Amino acid sequence: MKNVKCIAVDDEPIALMIISKFCERKGGMELQTFSEPHLGMTEIEKQKPDIVFLDIEMNSISGLEVARRIPVGTCLIFTTAHAQYALEGFNLDAVDFLHKPYSYDRFERATDKAMRMLSVDESPSLIIKQEYENVVIPIDDITYIEAMENYTIIHRFKSD
């Protein structure tokens with residue numbers, strides 16, 4: 001699977017550092033961080049990332065206002081110390097709500113949930129070893145699979 005593109009917006013540099021470390025630990029995540037919410041919002045609209053990590057109470061703008069402008073198809077995870085915004089956050093279709101300070105395990109559960117939601121859009125596929133390479137075959141391309149003695153033939157509608 002391709003790397004998941006993420007943007008984190010928080011006016012606290014320590015919070016951005018924690019998200020960066022957690023994304024690095026999880027792997028497969030490309031993260032850009034913004035401590036200036038207006039700049040972060042501009043980049044979110046321009047890049048249309050897979051996941052946005054967003055604080056709510058920031059000095060120049062409310063994260064709730066930013067959340068209302070997030071592109072369709074982007075998963076939103078709120079990261080805030082203010083639990084009173086949880087209901088409003090979920091009303092904005094947030095995938096999860098990480099209450100600061102949160103653990104790596106809690107972060108991982110939230111990102112796994114977002115990744116499951118992102119993969120719903122991808123068609124299911126098989127990864128097959130062909131000689132010395134892995135080949136990805138969309139299941140929709142397979143007409144039938146024929147079992148031979150010590151190998152398998154996959155018959156397809158389309159051929160790459």
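For clarity, every value in this text was computed on a predicted model and none was experimentally measured.
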For Lys113, is there an ion pair with Asp96 - N to carboxylate O distance below 4.0 angstrom?
yes
Does a side-chain N-to-carboxylate-O contact under 4.0 Å join Glu88 and Arg68?
yes
Is there a path of hydrophobic side-chain contacts, each under 4.5 Å between heavy atoms, that joins [X] and [Y]?
| X | Y | result |
| --- | --- | --- |
| Ile14 | Ile19 | yes |
| Leu76 | Ile56 | yes |
| Ile139 | Ile145 | yes |
| Val52 | Met58 | yes |

Run the side-chain donor-acceptor check on residues 24-33: report pairs under 3.5 Å with partners two or more places apart or on a different chain.
{"residue": "Lys26", "atom": "NZ", "partner": "Asp112", "partner atom": "OD1", "Å": "2.6"}
{"residue": "Glu30", "atom": "OE2", "partner": "Asn3", "partner atom": "ND2", "Å": "3.4"}
{"residue": "Gln32", "atom": "OE1", "partner": "Gln47", "partner atom": "NE2", "Å": "2.7"}

Does atom CD1 (Ile153) have a neighbourhood of more than 12 heavy atoms from anything else shown, all under 6.0 Å?
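Yes, the 6.0 Å shell around CD1 holds more than 12 heavy atoms from other groups.
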Does any part of the side chain of [Y], heavy atoms only, come nearer than 4.5 Å to the side chain of [X], both counted from C-beta?
| X | Y | answer |
| --- | --- | --- |
| Ile7 | Glu43 | yes |
| Ile142 | His155 | no |
| Ile51 | Cys75 | yes |
| Ile44 | Val9 | yes |

Verdict with supporting geometry, Ile77 and Leu98, side-chain contact (heavy atoms from CB on, under 4.5 Å)
CA-CA 7 Å; Ile77 298 174; Leu98 295 174; 3.8 Å; yes
What pairs meet the ring-ring contact (aromatic ring centres under 6.0 Å, His included) rule with one or both residues in residues 23-59, with sequence neighbours excluded?
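For residues 23-59: Phe53-Phe107.
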Chi angles and distances behind the side-chain contact (heavy atoms from CB on, under 4.5 Å) call for Val4, Leu118:
CA-CA 9 Å; Val4 177; Leu118 291 168; 4.2 Å; yes
